[in-house]
K.L.:
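First the structure, then my questions, so here it is.
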There are 2 protein chains.
Amino acid sequence: MPSLKLDPIDRKILAELQGDGRMTNVELSRRVGISAPPCLRRVRTLEETGLIKGYHADVNARELGFEVQVFAMVSLKSQAEVDLSAFETLARGWPLVRECHMLNGEIDFILKCASPDLSTFQTFLTEDLTAADNVASVKTSLVIRNAKDEPGVPFEILEARAAAEEE
Amino acid sequence: MPSLKLDPIDRKILAELQGDGRMTNVELSRRVGISAPPCLRRVRTLEETGLIKGYHADVNARELGFEVQVFAMVSLKSQAEVDLSAFETLARGWPLVRECHMLNGEIDFILKCASPDLSTFQTFLTEDLTAADNVASVKTSLVIRNAKDEPGVPFEILEARAAAEEE
DNA sequence: CGTGAAACCGTCGCCCC
DNA sequence: GGGGCGACGGTTTCACG
């Protein structure tokens, strides 16, 4: 239980702001059932403790001209910590790479990439990714379509656990 | 070029709101260099045309008690459209599954999952995912750590393209 | 797209439990 | 400790040029 103290109102605030991060504070306070000032104080605390890391507009990548989404599975030659870190630093510097997660198993990293078109991605793939130091192999898979794309976490499960805990 | 009309100011608005979705409209208008009313009109238009799909608070999953993040690679027995759709409907109904992308290649779907602990995930894995109709095989990889986790798209690339187009 | 005005909201201090 | 009330300043959002 990592959460120092999260009462039902805090969880509701997080769930509401995850669903609509631009909601006004009065609307939020109405939804969670308290008045605006304490609601704002809670939001500030959640931001300061890092439970809320930020707010982002969710843009339509395809409409914006990013037609291609790709997952790249990367295996390295060496898994020594310095080499892992070196690859992560590289990945952070590539704009096409939106996410880079280190995994267990044979695949060392999975990269989620967004690109305007295939040729831009393939230039990146051949000139940057596979050409990088220590990269042993890269397998790529194009995203055909997105069936689900929800940000964040399922608060429903938190609520169920909290309810179960106070029997 | 899917964007009907996106001038540099619209792109700036999108980039700014992707970076901070809770910025006030006056702050946004200041950053993009116009006054507040037209700025708000542009934001509304971007929302109505679906270029902005929504706003979300970015919550700290680990601090919130979701210690486990997993990628699941799913292969189906049948890739007929009805069967693909049926699986997608299933996936949309599982709270632990945050993203479900259909891929090309041998892996039919990749699922990004968030779970409070391993046992919760493994219950889901055995009782729901691998037990589902038409699922041939599931390979899972635990996320050890996140090197990069940026939402949305790299606007830098859009800007570079726009600049290159008007030589 | 900018200006002005009105309504609303974010925010603070204070009082209450 | 946290929640509510009231007030000020800033913001949102009109109508209009």
Side-chain angles (χ1 to χ4, degrees), chain A residues 1-60 63-64 152 155 158-159 161-163 165-166, chain B residues 3-60 63-65 152 155 158-159 162-163 165-166:
Chain A
M1 55 225 65
S3 11
L4 275 75
K5 267 180 193 169
L6 268 213
D7 65 14
I9 296 182
D10 286 321
R11 287 196 297 272
K12 192 94 198 298
I13 287 176
L14 290 167
E16 293 290 344
L17 285 180
Q18 176 174 287
D20 178 5
R22 238 181 168 219
M23 195 181 317
T24 66
N25 182 57
V26 297
E27 170 67 10
L28 179 62
S29 66
R30 203 186 54 70
R31 294 202 190 186
V32 304
I34 61 180
S35 66
C39 185
L40 187 62
R41 284 197 287 263
R42 281 167 181 264
V43 172
R44 292 280 174 269
T45 305
L46 292 170
E47 289 168 354
E48 280 158 22
T49 56
L51 260 152
I52 295 179
K53 292 189 288 182
Y55 303 88
H56 307 282
D58 185 7
V59 305
N60 189 325
E63 290 274 327
L64 249 168
F155 279 100
L158 268 198
E159 292 308 327
R161 308 224 137 191
E165 250 172 43
E166 45 174 287
Chain B
S3 10
L4 273 76
K5 266 179 191 166
L6 269 213
D7 66 13
I9 296 181
D10 286 322
R11 288 197 297 272
K12 191 94 198 298
I13 288 176
L14 289 167
E16 292 290 345
L17 285 180
Q18 176 174 286
D20 178 5
R22 240 180 167 221
M23 194 182 315
T24 66
N25 182 59
V26 296
E27 170 67 11
L28 179 61
S29 65
R30 202 187 56 69
R31 292 202 192 186
V32 303
I34 61 180
S35 66
C39 184
L40 185 62
R41 284 196 287 265
R42 281 167 181 265
V43 172
R44 293 280 174 267
T45 304
L46 292 170
E47 289 168 354
E48 280 157 23
T49 57
L51 259 151
I52 295 178
K53 292 190 286 181
Y55 304 88
H56 306 282
D58 185 7
V59 304
N60 190 325
E63 290 276 327
L64 249 167
F155 279 100
L158 268 198
E159 292 308 328
E165 250 173 42
E166 47 174 285

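Everything numeric here is computed off the predicted structure, so don't read it as measured data. Only this structure's heavy atoms are used, side chains among them; waters, hydrogens and symmetry mates stay out. So that the names make sense, note that chain A is the first sequence line, chain B the second, and so on, each numbered from 1.
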K.L.:
Atom CG of L40(B) and atom P of dG2(C): how far apart are they, to the nearest Å?
P.N.:
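So the two atoms are 14 Å apart, to the nearest Å.
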K.L.:
Rounded to whole Å, how long is the line connecting atom CG of D10(A) with atom P of dG1(D)?
P.N.:
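Answer to the nearest Å: 15 Å.
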K.L.:
How many whole angstroms separate atom CG of N25(A) from atom P of dG3(D)?
P.N.:
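So the CG-P distance, N25(A) to dG3(D), works out to 13 Å.
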K.L.:
Could you go step by step and tell me if R44(B) and E48(B) meet the salt bridge (Lys or Arg N to Asp or Glu O under 4.0 Å) rule?
P.N.:
CA-CA 6 Å; R44(B) 293 280 174 267; E48(B) 280 157 23; over 6 Å; no
K.L.:
Classify R44(A) by what it touches in the nucleic acid, base, sugar-phosphate, or nothing, heavy-atom distance under 4.0 Å.
P.N.:
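If one applies the 4.0 Å heavy-atom cut-off, R44(A) turns out to touch the sugar-phosphate alone, with no base involved.
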K.L.:
Say you pick atom C1' in dG9(D) and the same atom in dC15(C); how far apart are they, in whole Å?
P.N.:
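Here dG9(D) and dC15(C) have their C1' atoms 22 Å from each other.
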K.L.:
For the residue pair A162(B) and R11(B), what are the closest heavy atoms and their distance?
P.N.:
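It is CB-NH2, 3.3 Å.
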K.L.:
Locate the shortest heavy-atom distance separating T49(B) from L46(B); write the atom from each residue and the value.
P.N.:
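Reported closest heavy-atom pair: OG1-O, 3.3 Å.
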K.L.:
Atom CD1 of I34(A) and atom P of dG3(D): how far apart are they, to the nearest Å?
P.N.:
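So the two atoms are 5 Å apart, to the nearest Å.
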K.L.:
Whole Å only: how far is the CG atom of L28(B) from the C1' atom of dT12(D)?
P.N.:
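For the pair L28(B) CG and dT12(D) C1', the rounded distance is 13 Å.
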K.L.:
Considering all heavy atoms of both residues, which atom of G21(B) and which atom of Y55(B) are nearest to each other, and what is their separation?
P.N.:
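In terms of heavy atoms, the two residues are closest at O-CD2, 3.8 Å.
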K.L.:
Where the side chain of P38(B) is concerned, which of dT11(D), dG2(C), dC9(C) is the nearest nucleotide?
P.N.:
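Looking only at heavy atoms from C-beta outward on P38(B), the closest nucleotide is dG2(C).
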K.L.:
What is the distance from CZ of R22(A) to C1' of dT11(D), rounded to the nearest Å?
P.N.:
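My rounded result for the distance is 11 Å.
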K.L.:
Please name the residue in the list L6(A), V32(A), V43(A) that meets the side-chain contact (heavy atoms from CB on, under 4.5 Å) test with L14(A).
P.N.:
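Result: among L6(A), V32(A), V43(A), L6(A) is the only option passing the side-chain contact (heavy atoms from CB on, under 4.5 Å) with L14(A).
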K.L.:
Whole angstrom is fine here: how far is it from CD1 in I13(A) over to P in dG3(D)?
P.N.:
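Interatomic distance, CD1 of I13(A) to P of dG3(D): 9 Å.
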K.L.:
By nearest nucleotide on DNA chain D, pick out whichever of R41(B) and T24(B) is the more 5' one.
P.N.:
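Result of the comparison: T24(B).
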K.L.:
Between P on dT11(D) and CZ on R30(B), what's the gap in Å once rounded to a whole number?
P.N.:
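Going from R30(B) (CZ) to dT11(D) (P), I get 11 Å.
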K.L.:
With a 4.0 Å cut-off on heavy atoms, is R42(A) in touch with a base, just the backbone sugar-phosphate, or nothing at all?
P.N.:
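Sugar-phosphate, no base atom in range.
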K.L.:
Mapping S35(A) and E27(B) onto DNA chain D by nearest heavy atom, which one lands closer to the 5' end?
P.N.:
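The residue mapped nearer the 5' terminus is S35(A).
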